[in-house]
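Worksheet: the structure to be examined is printed underneath.
Below, chain A is the first sequence line, B the second, and so on; all start at residue 1.
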Protein chains: 2
Amino acid sequence: MAKVDLKTLADELGLSVSTVSRALSNKPDIGVKTKNMVLTLARERNYQPNAYARSLRYRKSKTIAVVLPEIANNFFSQVIEGIEEVAAENEYHVLVYLTHESLQKEINIVRHLQSGRVDGVLISISSETVNVDHLNDIRNMGLPLVFFDRISKKLKTPSVTTNNYEGGIQATMHLIEAGSKKPAYFSLSQNLSINQNRMKGYLDALEKKGMPNCTYILQGGNDHEVNVGIMSKLLKSSDRPDGVFACVEELAIATYEACSSVGLRIPEDVKVVCFSNLHTASLLQPSLTTIRQPAFEIGKAAAIILFNLLESNEKIEYSNEKKIIDSILVKRNSTAVH
Amino acid sequence: MAKVDLKTLADELGLSVSTVSRALSNKPDIGVKTKNMVLTLARERNYQPNAYARSLRYRKSKTIAVVLPEIANNFFSQVIEGIEEVAAENEYHVLVYLTHESLQKEINIVRHLQSGRVDGVLISISSETVNVDHLNDIRNMGLPLVFFDRISKKLKTPSVTTNNYEGGIQATMHLIEAGSKKPAYFSLSQNLSINQNRMKGYLDALEKKGMPNCTYILQGGNDHEVNVGIMSKLLKSSDRPDGVFACVEELAIATYEACSSVGLRIPEDVKVVCFSNLHTASLLQPSLTTIRQPAFEIGKAAAIILFNLLESNEKIEYSNEKKIIDSILVKRNSTAVH
DNA sequence: TTGAAAGCGGTACCAT
DNA sequence: ATGGTACCGCTTTCAA
């Protein structure tokens with residue numbers, strides 16, 4: 001089956017290309033008989049209009065880009081599922097790009113997006129991203145841009161996040177109320193907005209509880225084995241924490257493994273809580289207390305904001321909607337009082 | 001910053017569009033001085049060639065599509081990560097489409113892909129997909145198509161899978177050797193190649209062990225709560241199984257929840273094993289014995305085959321490579337001998 | 001070395 | 001109601 005274009009159909013029917021185009025686009029000024037002939041043949045030949053010819057003509061790609069650190073991750077994969085749902089409803093296509101936490105990769109990706117390939121961009125920035133000139137370029141081109149989860153305050157553009165600060169407060173309060181005297185914060189990159197806000201919640205909660213000198217912040221990273229190692233080391237020290245508020249799921253898992261390797265019990269010796277939306281949180285040994293993040297809804301909300309921007313041809317430069325979708329504390333055994 | 005095209009640059013420099021194009025494409029027949037002028041201005045203006053104009057001209061999109069049932073899933077999200085890695089190396093873009101196990105959605109997606117939007121397609125078919133005419137259309141257009149994980153034997157096209165049959169044998173043998181007298185198979189859709197092969201492994205293993213009359217196949221589906229319900233019901237019956245080989249991770253999780261709800265202990269009362277690549281398998285209560293699937297490698301391998309097809313302009317109709325990447329049994333406590 | 005023009009596959013305006 | 005044509009942005013052949 002050779003590929004079929006308007007000219008193929010036109011030649012075969014002895015019509016002009018413009019007539020065939022009209023018939024297929026359901027235009028009014030066309031004879032009923034002609035139209036049916038064209039439609040019939042088009043169906044028979046399984047004609048599909050060339051997407052890029054159309055994009056070129058309309059200056060619209062019907063495509064959006066999702067740029068994010070990784071996808072093999074409960075949170076991000078659910079976000080994408082939410083984004084895809086909205087995109088599919090709008091008959092848009094979704095390009096996915098991974099930065100693997102590298103600013104340089106993020107810059108390259110973003111540069112490629114300035115080629116008219118997409119009509120809008122959804123991004124969760126890398127942990128290396130502090131300078132956001134590359135994102136400014138996108139904005140300045142008039143390309144709608146929406147942040148989700150990891151945002152930059154340096155850029156005035158819509159965003160969808162969760163209540164990181166309040167969640168941080170809740171998590172920390174909960175640790176203390178469960179009996180933790182020395183709750184530590186297991187931190188992700190200090191650059192990240194989510195980390196900054198969760199950590200601030202941690203610090204403020206300790207302050208409120210009259211324990212401002214009990215703070216302990218352990219810096220984690222992207223390498224799982226390293227994270228397990230530093231947590232194990234900390235847990236072996238004499239003034240080890242008796243509670244851990246992990247910024248993200250991966251760090252809580254690392255904490256579980258660390259406890260196991262140094263022979264400490266959860267929750268008897270160490271209580272653990274983290275931001276997460278792990279399905280199997282309740283099946284872990286012990287079941288994991290989480291600040292459950294509505295990942296799917298965050299993706300949907302971000303996509304909906306983007307599509308609103310795409311539809312309203314307003315001056316998007318001034319849109320600055322900040323949507324917050326709350327995470328909620330789900331108490332399980334990792335913070336049980338014993 | 002207005003959008004900049006060749007004409008913008010040409011006008012500003014008092015050159016023709018073709019000269020500017022030549023300079024940027026690094027063509028030989030161009031004056032050094034002119035070339036530098038052009039390159040300098042292009043950089044200054046951050047010129048990005050229009051992707052779709054290029055695609056139209058070259059009849060190449062530098063884009064591939066990944067079509068799969070869902071993405072909020074350990075297995076599939078890791079597969080995509082593998083695919084993305086290879087695509088990024090080849091400077092290709094990746095469109096992601098979700099079928100949500102719906103044949104109709106799969107057909108619609110695939111139809112849209114016949115618009116020249118992509119140069120190749122990677123697909124893991126939906127559980128409803130038996131008839132593959134829509135995939136044949138793709139093939140007949142000359143669009144390279146590679147199956148991963150869930151394949152159809154009706155189509156002669158390359159595929160990457162894991163050793164489902166042997167894994168099924170191993171899993172079942174292991175259950176029996178751990179003491180299970182009545183191992184059940186918790187089945188996914190009967191349509192699926194992965195399910196058929198794993199189930200055949202189960203049946204053959206029972207045969208080999210001289211227990212051909214001990215087979216029990218429980219039909220699961222896509223609704224988690226329903227799966228938990230039917231497994232709970234089975235576990236409450238008098239001739240309940242004392243071992244469960246779950247086709248996929250989700251069904252094993254459902255089994256855990258069912259055991260918990262009916263008060264049966266794993267592994268004392270019921271032993272559980274499944275195909276999975278769950279990171280937290282070892283942290284579950286009890287830790288879960290898995291046939292560990294190399295999801296990332298499967299994605300990479302599928303993408304590599306696709307890119308080989310794209311590069312070699314051979315008659316792809318005759319390529320039929322069947323790559324198998326082995327999964328391995330990882331014994332944990334859910335099948336411990338007690 | 002440079003420019004003009006055709007064409008990739010559509011759409012839409014202007015004739016007829 | 002239908003056809004001719006210009007154009008979307010870029011590449012490439014052909015002429016100069």
Side-chain angles (χ1 to χ4, degrees), chain A residues 2-39 41-42 45-63 112-119 141-143, chain B residues 2-39 41-42 45-63 112-119 141-143:
Chain A
K3 68 186 56 165
V4 38
D5 56 17
L6 284 184
K7 192 164 180 315
T8 318
L9 299 177
D11 288 354
E12 190 152 348
L13 293 168
L15 290 169
S16 76
V17 170
S18 38
T19 303
V20 175
S21 171
R22 249 186 300 251
L24 292 167
S25 326
N26 216 8
K27 288 283 154 60
D29 51 348
I30 177 105
V32 173
K33 259 181 66 181
T34 322
K35 181 168 169 178
N36 286 335
M37 273 172 53
V38 173
L39 289 179
L41 186 67
R45 290 273 181 287
N46 190 24
Y47 167 74
Q48 295 297 330
N50 183 290
Y52 297 146
R54 262 196 150 121
S55 292
L56 194 56
R57 186 71 234 243
Y58 285 137
R59 286 123 160 288
K60 281 270 267 169
S61 65
K62 289 278 226 173
T63 307
H112 275 110
L113 293 180
Q114 314 198 27
S115 62
R117 194 178 284 277
V118 297
D119 296 339
M141 282 190 63
L143 248 193
Chain B
K3 69 186 52 163
V4 39
D5 57 15
L6 285 184
K7 191 163 181 318
T8 317
L9 299 178
D11 288 353
E12 190 153 348
L13 293 168
L15 290 170
S16 75
V17 169
S18 38
T19 303
V20 175
S21 170
R22 252 185 296 253
L24 292 167
S25 323
N26 216 9
K27 288 283 154 63
D29 51 347
I30 177 106
V32 174
K33 258 181 67 182
T34 322
K35 183 168 168 176
N36 286 336
M37 271 172 52
V38 173
L39 290 179
L41 185 66
R45 290 273 181 287
N46 190 25
Y47 167 73
Q48 295 296 330
N50 182 288
Y52 297 144
R54 260 198 152 119
S55 292
L56 193 57
R57 186 69 234 246
Y58 285 135
R59 286 123 160 286
K60 281 269 267 169
S61 65
K62 288 273 218 176
T63 307
H112 275 109
L113 294 179
Q114 314 199 27
S115 61
R117 195 177 283 276
V118 297
D119 296 340
M141 282 190 62
L143 248 192

Subject >> A:Lys7 NZ - D:dG4 C1' separation (whole Å) >> reply: 14 Å

With a 3.5 Å cut-off and sequence neighbours excluded, list the donor-acceptor pairs that the side chains of residues 15-27 of chain B form with protein atoms.
residue, atom, partner, partner atom, Å
B:Ser16, OG, B:Ser18, N, 3.4
B:Ser16, OG, B:Ser18, OG, 3.1
B:Ser16, OG, B:Thr19, N, 3.2
B:Ser16, OG, B:Thr19, OG1, 3.0
B:Ser25, OG, B:Ser21, O, 2.6
B:Asn26, OD1, B:Lys35, NZ, 2.6

Subject >> Spacing between A:Tyr47 atom OH and C:dG9 atom P, to the nearest angstrom >> reply: 10 Å

Original post:
Is A:Thr63 close to A:Arg117 at the side-chain level, that is, under 4.5 Å between some pair of heavy atoms?
Top reply: no

**OP:** Provide, to the nearest angstrom, the distance between the NZ atom belonging to B:Lys60 and the C1' atom belonging to C:dG9.
**Re:** 19 Å

Subject >> Interatomic spacing from CE in A:Met141 to CG in A:Leu113 - rounded to 0.5 Å >> reply: 9.5 Å

Tabulated below should be each protein N or O lying under 3.5 Å from an N or O of nucleotides 12-16 of chain C; please produce it.
residue, atom, partner, partner atom, Å
C:dA12, OP2, A:Lys27, NZ, 2.7

Original post:
Touch check for A:Ser55, heavy atoms < 4.0 angstrom, all strands: base, sugar-phosphate only, or nothing?
Top reply: nothing

Original post:
In whole Å, what is the span from the CG atom of A:Asp5 to the C1' atom of C:dC8?
Top reply: 10 Å

Subject >> Between C:dG10 (P) and A:Asn50 (CG): distance, integer Å >> reply: 5 Å

Original post:
So B:Tyr47 and B:Leu41, side chain to side chain contact (heavy atoms under 4.5 Å, CB included) or not? Walk me through it.
Top reply: CA-CA 8 Å; B:Tyr47 167 73; B:Leu41 185 66; over 6 Å; no

Original post:
Toward the 5' end of DNA chain C, which comes first, B:Pro28 or B:Ala53, by nearest nucleotide?
Top reply: B:Pro28

Subject >> Euclidean distance, atom CG of residue A:Leu6 to atom C1' of D:dG4 [Å, nearest integer] >> reply: 15 Å

Original post:
Between A:Arg45 and A:Glu12, is any pair of side-chain heavy atoms under 4.5 Å apart?
Top reply: yes

**OP:** Can you sort out which residues in residues 8-15 of chain B have a heavy atom within less than 4.0 Å of DNA chain D? Ascending by number, please.
**Re:** none

Subject >> Heavy-atom donor-acceptor pair, B:Ser55 side chain to A:Tyr52 backbone, under 3.5 Å >> reply: no

Subject >> Side chain proximity check, A:Val118 to A:Leu143, heavy atoms < 4.5 angstrom >> reply: yes

Original post:
When the distance from CZ of A:Arg59 to P of D:dC8 is rounded to whole Å, what number comes out?
Top reply: 7 Å

Subject >> Length of the line joining B:Leu56:CG and D:dC7:C1', which is rounded to integer Å >> reply: 12 Å

**OP:** Output yes when a side-chain donor or acceptor of A:Asp119 lies under 3.5 Å from a complementary backbone atom of A:Ser61, and no otherwise.
**Re:** yes

Original post:
Under the side-chain hydrogen bond (donor to acceptor under 3.5 Å, both in side chains) criterion, do A:Ser115 and B:Asn50 qualify, and how do the steps go?
Top reply: CA-CA 5 Å; A:Ser115 62; B:Asn50 182 288; over 6 Å; no

